[in-house]
Number of protein chains: 2
Amino acid sequence: MLETITPMKAEARDALLESTRKNEPEKRGRKASKEVRQLQLIEATIDSLAKRGYSETTMADVADGAGLSRGIVNFHFESKEKLLVATLQYMADEYAAHWRAALTKAGDDPARQLQALVAADFDRSICNKRKLAAWCAFWGEAKSRPTYQALCGARDAAYQNVFIDLCATLKQSGGYAFEPQVMALALCALLEGLWLRLMMGTEDTTRETALQSANEFLSAAFPRHYPWASGPKTA
Amino acid sequence: MLETITPMKAEARDALLESTRKNEPEKRGRKASKEVRQLQLIEATIDSLAKRGYSETTMADVADGAGLSRGIVNFHFESKEKLLVATLQYMADEYAAHWRAALTKAGDDPARQLQALVAADFDRSICNKRKLAAWCAFWGEAKSRPTYQALCGARDAAYQNVFIDLCATLKQSGGYAFEPQVMALALCALLEGLWLRLMMGTEDTTRETALQSANEFLSAAFPRHYPWASGPKTA
DNA sequence: CATCGTTTGTTGAACATTCATTCAGTATGG
DNA sequence: CCATACTGAATGAATGTTCAACAAACGATG
């Protein structure tokens, strides 16, 4: 049902960025393509989720945030519910694309791949207050909404399976004793937990310290592959 | 403001449990002490949060869930907001009391203490679908509500400091190389992440597998203290 | 190229619903 | 009989949705 939204992401996003860069007054009447409008509204939704939280995010907020009129959301999306699902879908797609790209770029060495995946989780592009807050807003509602629950597995089975495979490979080459599935679960949980803490915004946790903790975990779990055992500054 | 609620927890809770055990028809008029009523409403709030989620939890839900009339919540608590804060406060207190008790019961050995803390996190009494869902509901709103944010640090500074101290102690006695703060952050994040996954309810993650993952982490990070290196079945 | 009609995006006010809160009244225990 | 717990209907505010009117792009036609 939402298949009409996710495609042409790149082009629409570029157009959106361009228009906001130019800061066009956006007069009246028709001005942008359907895809751009939808992205614009989705971005405004993320803004609102981050600023006001899920329960306080209203259609008016989104419309105002996008600088458009009140009825516009029900035109591009049928309902508030569908807007939110589309937003979550958008973030999930973005997240998946991001870690897949990082994995590809890491080459063939499993140890490098694993480290790249972990590092990718803390890239500015996806790991920032705004996005984290939006994710957490959806997490908070996921239990009682099957649709959200399914999509919140953006860090989904596929993602976790990559970790399981990598753990299994490293176990062989390093002669470790752990169970790959168990270790992979720990890793995934650690990453999510760090996200959660980042989002909560306790001062002592920053993107850097979070990544440092994750790397500490890697070197503890795979000492033969990450032997930089916590020297003063382990980049 | 809420100091009137948290005290006398034990007695009031017993009374509540007793009354629900007896399943009294709860006719009309005055029937129970103030504290019992408040606890009853808080429990109903947790139920609703777990079942309907934060954004769909209404005063009517809570009142109905408690089998009382509509206006009752505004009588015992001043507003919906205060009811929710009291509920979160209640869960935070319960959580803190739980891990403190586990810590005390673990004796003097740091390694045992750490293991006890980890295990305590997965006790049925606090780690069940209902409570996890309620926690996550609050997490989802925490970013935009300072009051929640403060209380959601139930796993607060004190909690994390205990982990830091234990990590430091074990580091000395085991000759590890990690930074205690970094490792403690990883541990806390792992526990929260596992909670999050448990709440999401993916089938492959149960309380047992979660605990197993946490223990795997312990034995990876502190191999000299937890040398049961992943034998077939490590209880 | 100008004009006109059609399609499509957009607006903002009206509407219906949901929900927290209030409060006057009732019942109960002491 | 008084203080206190409790009720439930009334109220008003907030909000998602609808829709009739409007405006811009587009295409066809002269």
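Just so it is clear: chains get the letters A, B, ... in the order the sequence lines come, proteins before strands, and each one is counted from 1.
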> Looking at the side chain of A:Lys80, which of C:dA20, D:dT7, D:dT17 is the nearest nucleotide?
Replying inline: D:dT17
> What pair of heavy atoms forms the shortest contact from B:Ala86 to B:Ile42, and how long is it?
Replying inline: O-CD1, 4.0 Å
> Could you state the CD1-C1' distance from A:Ile72 to D:dA20, rounded to the nearest angstrom?
Replying inline: 16 Å
> What's the closest nucleotide to the B:Thr58 side chain, out of D:dT17, D:dG8, C:dA20?
Replying inline: C:dA20
>> Could you tell me how far apart B:His76 (NE2) and C:dT22 (P) are, to the nearest whole angstrom?
In response: 16 Å
> Starting at CD of B:Glu56 and ending at C1' of D:dG16, how long is that distance when rounded to a whole Å?
Replying inline: 13 Å
> Between D:dA24 atom P and A:Arg37 atom CZ, what is the distance in whole Å?
Replying inline: 14 Å
> To the nearest Å, how far apart are A:Phe77 CZ and D:dT17 C1'?
Replying inline: 16 Å
> A:Leu83 and side-chain contact (heavy atoms from CB on, under 4.5 Å): which partner among A:Leu88, A:Thr57, A:Thr45?
Replying inline: A:Thr45
> Taking atom CD of B:Gln149 as the centre, does the number of heavy atoms from other residues, nucleotides or ligands within less than 6.0 Å exceed 12?
Replying inline: yes
> Between atom CE in A:Met59 and atom P in C:dC15, what is the gap in whole Å?
Replying inline: 20 Å
> Taking CZ from B:Phe75 and P from C:dT28, how many angstroms apart are they, rounded to a whole number?
Replying inline: 16 Å
> Taking atom C1' of C:dT8 as reference, at what distance in whole Å does atom CD of A:Glu35 sit?
Replying inline: 14 Å
> At under 4.0 Å, does any side-chain N or O of B:Asn74 touch on OP1 or OP2 of C:dA20?
Replying inline: no
>> Between B:Lys51 and B:Glu56 (salt bridge meaning N to carboxylate O under 4.0 Å), is one present in this structure?
In response: no
